[in-house]
Enquirer: 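Just passing along the structure, written as structure tokens.
This structure is a prediction, so every number in the text was calculated from the model and none was measured.
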Amino acid sequence: MNMEFKRKLPTAQTVKDIYPITAEMAARKKERDRILKDIFTGRDDRFVLVIGPCSADREDSVLEYISRLRKVQDDTRDKLIIVPRIYTNKPRTTGDGYKGMLHQPDPTSSPDMLKGIIAIRKIHMKALERSGFSCADEMLYPENHHYLSDVLSYVAVGARSVEDQQHRLTASGLDIPVGMKNPTGGNLSVMMNAITAAQHPHTFVFSSWEVQTKGNEYAHSILRGYSSKHGQSMPNYHYEDLRLLYELYGEFGLKNPAVIVDCNHANSGKQWQEQPRIAKEVLHSMRHSTDIKGLVKGLMIESYLEDGAQKPGGCVYGQSITDPCLGWEKSEKLIYELADLV
């Protein structure tokens, strides 16, 4: 076997025991979970905004960004529920490049998974403690979710993971909203099958245990655009796309039909400055159809302190080192505009 077993990592419970959350933090997360569940079941008509950096590359700038979100959330709490993105593991199309804080707590140093596990737990804990936000992360590695299960209120399964059985079955065992993205090829049936699997109970092998899940009624879709057979970015956020998704939900007979529209990635062709326009078009579609208004629960925006992106090791504080993001000034303006429009 061409694989070196470097060291055995501590269990999630061991890490939680070393870095525990307080009763106050647990209560904050519980309340945030309740609100989000009520939104996805239709009991709360507020709009969800999952917003933040493409990848959480450093603790100080990410926490500063989230601290700025706190005031905006307080100002818009009657209309919007903000869920900051703290994406600590980054999928790579070719496997190369920066893979996130889990792999490299210091983007300029060699990978260190033990330091990474500690770093991602600390950053999520600090966000919850300092700003009251229980945040969102991507479930790139299903077993790693348990290192953060007591601090997260939203989980996304990415376009490259949505067909994987372990991701689908693990999602069925979570008790928070889990967004299943459409695959990079754009086949919506793949996404709908993933949601079906996540909403049903299962028995399977997880971390050397036989586990049984109850099913997750809060599993839902994320539309993020797709790539054509020629590699061109193709959007799927338009009125016709949302109408098609509404009809698909009816055919599949799933609980709590819901979608979050990702305004970046293939929907924008990775043109980060297009995100405000796309967001407003989605809201325009909602105003023209009560079916779509009931289906669309929120938006996903890639946003950071500074516009654009830089290469890993760059010296611009608060600028993405992966996909380009909308800077803070434009993001703040957009959030207030969205609160006025919903």
Side-chain angles (χ1 to χ4, degrees), residues 11-13 15-16 21 26 29-44 48 50 81 83 89 91 124 134-183 187-224 245-260 294-298 300:
T11 66
Q13 190 57 55
V15 174
K16 287 176 177 177
I21 63 171
K29 171 185 150 49
K30 184 177 180 180
E31 176 61 12
R32 296 260 300 166
D33 290 353
R34 183 195 64 77
I35 292 170
L36 286 172
K37 290 176 186 179
D38 282 351
I39 291 173
F40 280 95
T41 57
R43 290 189 289 267
D44 188 325
V48 176
V50 183
I81 293 298
V83 183
N89 17 198
H124 275 285
S134 48
C135 299
D137 206 338
E138 181 169 353
M139 189 167 65
L140 183 59
Y141 309 111
E143 292 188 7
N144 289 349
H145 173 78
H146 286 271
Y147 288 100
L148 301 174
S149 60
D150 56 344
V151 291
L152 294 181
S153 283
Y154 187 91
V155 168
V157 175
R160 298 165 189 82
S161 304
V162 73
E163 291 191 73
D164 179 67
Q165 185 78 340
Q166 194 77 352
H167 283 80
R168 295 177 172 190
L169 302 191
T170 302
S172 77
L174 305 190
D175 190 34
I176 56 175
V178 177
M180 315 293 277
K181 288 197 172 186
N182 65 263
N187 188 328
L188 295 187
S189 293
V190 170
M191 178 183 70
M192 301 306 288
N193 288 335
I195 298 168
T196 302
Q199 289 197 358
H200 288 167
H202 299 281
T203 300
F204 62 104
V205 176
F206 186 90
S207 274
S208 302
W209 284 80
E210 178 183 353
V211 298
Q212 185 172 353
T213 64
K214 296 180 180 179
N216 183 352
E217 65 177 298
Y218 312 106
H220 60 276
S221 58
I222 300 177
L223 294 182
R224 48 86 72 198
L245 180 60
Y246 177 83
E247 293 170 356
L248 275 175
Y249 263 111
E251 293 173 14
F252 275 76
L254 294 167
K255 296 178 181 178
N256 304 319
V259 62
I260 297 288
L295 179 68
V296 178
K297 302 300 183 183
M300 188 172 285

Enquirer: So do the side chains of Leu140 and Arg160 get within less than 4.5 Å of each other, counting heavy atoms only?
Expert: no

Enquirer: Go through the steps for Thr213 and Leu169 under the test side chain to side chain contact (heavy atoms under 4.5 Å, CB included), then give the verdict.
Expert: CA-CA 8 Å; Thr213 64; Leu169 302 191; over 6 Å; no

Enquirer: Taking all non-hydrogen atoms of both residues into account, name the closest pair between Lys181 and Ala159 and its distance.
Expert: CB-N, 3.9 Å

Enquirer: Which pairs of donor and acceptor atoms, one on a side chain in residues 147-155, lie under 3.5 Å apart (sequence neighbours left out)?
Expert:
residue, atom, partner, partner atom, Å
Tyr147, OH, Pro10, O, 2.5
Ser149, OG, Lys16, NZ, 2.6
Asp150, OD1, Arg121, NH1, 2.8
Asp150, OD2, Arg121, NH2, 2.9
Ser153, OG, Asp33, OD1, 2.5
Ser153, OG, Ser134, OG, 2.6
Tyr154, OH, His220, NE2, 2.8

Enquirer: Would you say the side-chain atoms of Lys297 pair up with the backbone N or O of Leu36, donor to acceptor, closer than 3.5 Å?
Expert: no

Enquirer: Heavy-atom distance under 4.5 Å between the side chains of His145 and Asp137, does that happen here?
Expert: no

Enquirer: Look only at the side chain of Asn89 and the backbone of Glu138, and say whether a donor-acceptor pair between them is shorter than 3.5 Å.
Expert: yes

Enquirer: Side chains of Val50 and Met300: closer than 4.5 Å at any heavy-atom pair?
Expert: yes

Enquirer: Where the side chain of Glu210 meets the backbone of Thr203, is there a donor-acceptor pair that is under 3.5 Å apart?
Expert: no

Enquirer: Flag yes if more than 12 heavy atoms outside Lys255 fall under 6.0 Å of its NZ atom; otherwise flag no.
Expert: no

Enquirer: Of all residues at least two apart in sequence or in a different chain, which pass the salt bridge (Lys or Arg N to Asp or Glu O under 4.0 Å) check with Asp44?
Expert: Arg46

Enquirer: Who passes side chain to side chain contact (heavy atoms under 4.5 Å, CB included) against Gln166, sequence neighbours left out?
Expert: Pro142, Asp164, Thr170, Phe204, Phe206

Enquirer: Identify the residue among Leu223, Val296, Ile222 that makes a side-chain contact (heavy atoms from CB on, under 4.5 Å) with Ile260.
Expert: Ile222

Enquirer: Identify the heavy atoms of Val157 and Met180 that sit nearest to each other, and give their distance.
Expert: CG2-SD, 3.8 Å

Enquirer: Please examine the side chains of Tyr249 and Ile195, heavy atoms only from C-beta on, and report whether any two atoms are closer than 4.5 Å.
Expert: yes

Enquirer: If you define the side chain from C-beta out and look only at heavy atoms, does anything of His202 sit under 4.5 Å from Gln165?
Expert: no

Enquirer: Rounded at 0.5 Å granularity, tell me how far CZ in Phe252 sits from CG in Leu245.
Expert: 10.5 Å

Enquirer: As an exercise, state the distance from NZ of Lys214 to CG of Asp175, rounded to the nearest 0.5 Å.
Expert: 8.5 Å

Enquirer: Determine whether His200 and Ser172 make a side-chain contact, defined as any pair of heavy atoms from C-beta on separated by less than 4.5 Å.
Expert: no

Enquirer: Please round to the nearest 0.5 Å and tell me the distance separating atom NZ of Lys29 and atom CD1 of Ile176.
Expert: 5.0 Å

Enquirer: Just verifying a value: how many Å separate Tyr246 OH and Glu251 CD, rounded to the nearest 0.5 Å?
Expert: 12.0 Å

Enquirer: Just how far is it from atom CD1 of Ile35 to atom CD1 of Ile81, taken to the nearest 0.5 Å?
Expert: 5.0 Å

Enquirer: Rounded to the nearest 0.5 Å, what's the gap from OG on Ser221 to CG on Asn182? Could you check?
Expert: 8.5 Å

Enquirer: Arg32 versus Val83: any side-chain heavy-atom pair under 4.5 Å?
Expert: yes

